[in-house]
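By convention in this document, chain letters (A, B, ...) are assigned in the order of the sequence lines, proteins followed by strands, and residues within each chain are numbered from 1. Just so you know, these numbers use all the heavy atoms, side chains as well, and skip hydrogens, waters and symmetry mates. What you see is a predicted model, and the numbers here were worked out from it, not measured in a lab.
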There are 2 protein chains.
Amino acid sequence: MSHTPGVRQARKQKTRQALLDAALQLLEGQSLSSLGLREVTRAAGIAPTAFYRHFRSVEDLGVALVGEALGSLHPMIRTTVSSTGDGEERIERAVDLIAGHVDAYPAHVRFIARERHGGVRSVREAIHGQLGLFTAEVGEALGKDAVSAGWSHEDVLMLAQLYVDLMLGTASLLLEGMAGSEAGARERVSRVAARQMRLIGIGRMHWLDQPGGGE
Amino acid sequence: MSHTPGVRQARKQKTRQALLDAALQLLEGQSLSSLGLREVTRAAGIAPTAFYRHFRSVEDLGVALVGEALGSLHPMIRTTVSSTGDGEERIERAVDLIAGHVDAYPAHVRFIARERHGGVRSVREAIHGQLGLFTAEVGEALGKDAVSAGWSHEDVLMLAQLYVDLMLGTASLLLEGMAGSEAGARERVSRVAARQMRLIGIGRMHWLDQPGGGE
DNA sequence: TGTACATCAGTGAACGCGCGTTCACTGATGTAC
DNA sequence: TGTACATCAGTGAACGCGCGTTCACTGATGTAC
């Protein structure tokens, strides 16, 4: 009524998304620091100059991609961490959820794994910041378990970091397994990841047994 | 006598090293997939065309860098893994060795962390291959410990992978800590890494306690 | 030791090409009355 | 509802620039005798 049916705005949003999608696809075979503006606009089907209506630079687009990629990761981590059942069941479910996420958003996973240590500072920092939030969230969930009684906040976070890194590493290995030709790569990776989680879980159970373990 | 004092060969080797060094330095601020041939030769102080006397492409140079970077890592891992003493001492020594390595070869560490998941397939594969050898070596050392009696080969490797990933992750975080401005970042990272190793060590001690733990 | 020839690391000019960015523009959408 | 004007997403020509690669070359080093 008073303003904006927003046809213009909706179209702009659509073009913006086309740029993000095109970039994400092009990034499967290269790093952000070598991705070209013209390359992206060509793949998105618009004139190079229109790029500037949406982003100041490719680097800026990269930061936007971090939000999109880790946004899709967020609910996945939430589900994983809040799942119930005994340790073994939770581990199986976690590994399945990771594998499912890699299937559903392979380009997002690749982007995060690649640019986490990549050549573009602002993107690295954006990823680092988001992963810090995830770690805090995982830590909060872990802290509520009975096993964590008597743990310092610092130790809960160190455990959370261990899990988050393991999840990311596993996701990245699953991705390579998808690309590779060898059969059973995925199963092998999942199996190893489950055992690593199990071992960490065992360490967690006995953390306070050792003198000085939890000080 | 019979052949080659090798003045020519020595000079060629020196130029080759200058190219590798220049590339490594340039890679602190970008990824391999955006590194230019002319950029490298300019930094190395030779004509662009001379590059081809040493490498077929920048990608090829990248593969050579993997050898150099992981060659420097090799003795470090050897030392870490063969050190004696009780668990706590070994952990402290391992963390100190990692920190020392990051100080001594920061560009190597950055290169491996960055290109491990980077945009150049052949370099990724070279890194993956070398890390596989390291994991096998760490696994062999771990397997000799009394704690590993009764462990399957597969489980020893899964543990070795956990340690190798933790070392690499820690090295990368220490590097960021060096670059960043906050005081005490290094100490914090080292402290967390030591605790993560301790927790994994505890998990290792009790691995065979659980029914089905080592099957 | 000296001479004549072969090798080959490094040079410098030249090429065609795609890049990021500027600019004035077009025409559909939005707004005021 | 209709009209006049403002906004602004997307266009297309033009620019200067650095890129990777080719080519014929130079001159120091290596080899044969």
With sugar-phosphate meaning primed atoms plus P, OP1 and OP2, does [X] contact a base, only sugar-phosphate, or nothing at under 4.0 Å between heavy atoms?
X: Phe51(B); value: nothing
X: Arg42(A); value: sugar-phosphate
X: Ser57(B); value: nothing

Presence of salt bridge, Glu187(B) and Arg191(B), under 4.0 angstrom: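 No salt bridge links Arg191(B) with Glu187(B).
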
Short N-O contact, Asp165(B) and Arg116(B), less than 4.0 angstrom: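 Result for this pair is yes, salt bridge flagged.
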
Polar pair under 3.5 Å, donor/acceptor by atom type, side chain Arg38(A), base dG20(C):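 Indeed there is one.
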
Under 3.5 Å donor-acceptor pair, Arg8(B) side-chain atoms to dT7(C) base atoms: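 Counting by modelled atom types and ignoring angles, a donor-acceptor contact under 3.5 Å is found here.
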
Whole-Å distance between [N] [atom2] and [X] [atom1]?
X: Leu19(B); N: dG20(D); atom1: CG; atom2: P; result: 13 Å
X: Ile46(A); N: dG20(C); atom1: CD1; atom2: P; result: 13 Å
X: Leu61(A); N: dG20(C); atom1: CG; atom2: C1'; result: 15 Å
X: Leu35(B); N: dC19(D); atom1: CG; atom2: C1'; result: 13 Å
X: Phe55(A); N: dG20(C); atom1: CZ; atom2: C1'; result: 17 Å
X: Gln17(A); N: dA9(D); atom1: CD; atom2: C1'; result: 17 Å
X: His54(A); N: dG10(D); atom1: NE2; atom2: C1'; result: 8 Å
X: Tyr52(A); N: dC23(C); atom1: OH; atom2: P; result: 12 Å

Phosphate OP1/OP2 of dT7(C) contacted by Arg53(B) side-chain N/O (<4.0 Å):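 So the side chain of Arg53(B) is outside the cut-off, no N or O lying under 4.0 Å from OP1 or OP2 of dT7(C).
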
Pairing string, 5' to 3', for DNA chain D - Watson-Crick or wobble contacts under 3.5 Å, brackets [ ] where pairs cross, | to another strand: .||||||||||||||||||||||||||||||||

Gap separating the CG atom of Leu65(B) from the CG atom of Leu70(B), nearest 0.5 angstrom: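 Rounded to the nearest 0.5 Å, the CG-CG separation comes to 10.5 Å.
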
Listed nucleotide nearest any side-chain atom of Leu37(B), set dG18(C), dG10(D), dT21(D):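 So the side chain of Leu37(B) is nearest to dT21(D).
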
Can any side-chain N or O of [X] pair as donor or acceptor with the backbone N or O of [Y] at less than 3.5 Å?
X: Ser152(B); Y: Asp155(B); value: yes
X: Arg114(B); Y: Gly118(A); value: yes
X: Ser31(A); Y: Gly119(B); value: yes

Upstream residue (5' side of DNA chain D) when Arg11(A) and Pro48(B) are each assigned their closest nucleotide: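 Counting from the 5' end, the first nearest nucleotide belongs to Arg11(A).
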
Earlier contact from the 5' end, DNA chain C, for Thr49(A) and Glu39(A):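 First, find each residue's nearest nucleotide; the 5'-ward one identifies Glu39(A).
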
Ring geometry between Tyr105(B) and His108(B) (parallel below 30°, tilted from 30 to 60°, perpendicular above 60°):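 Correct class here is parallel.
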
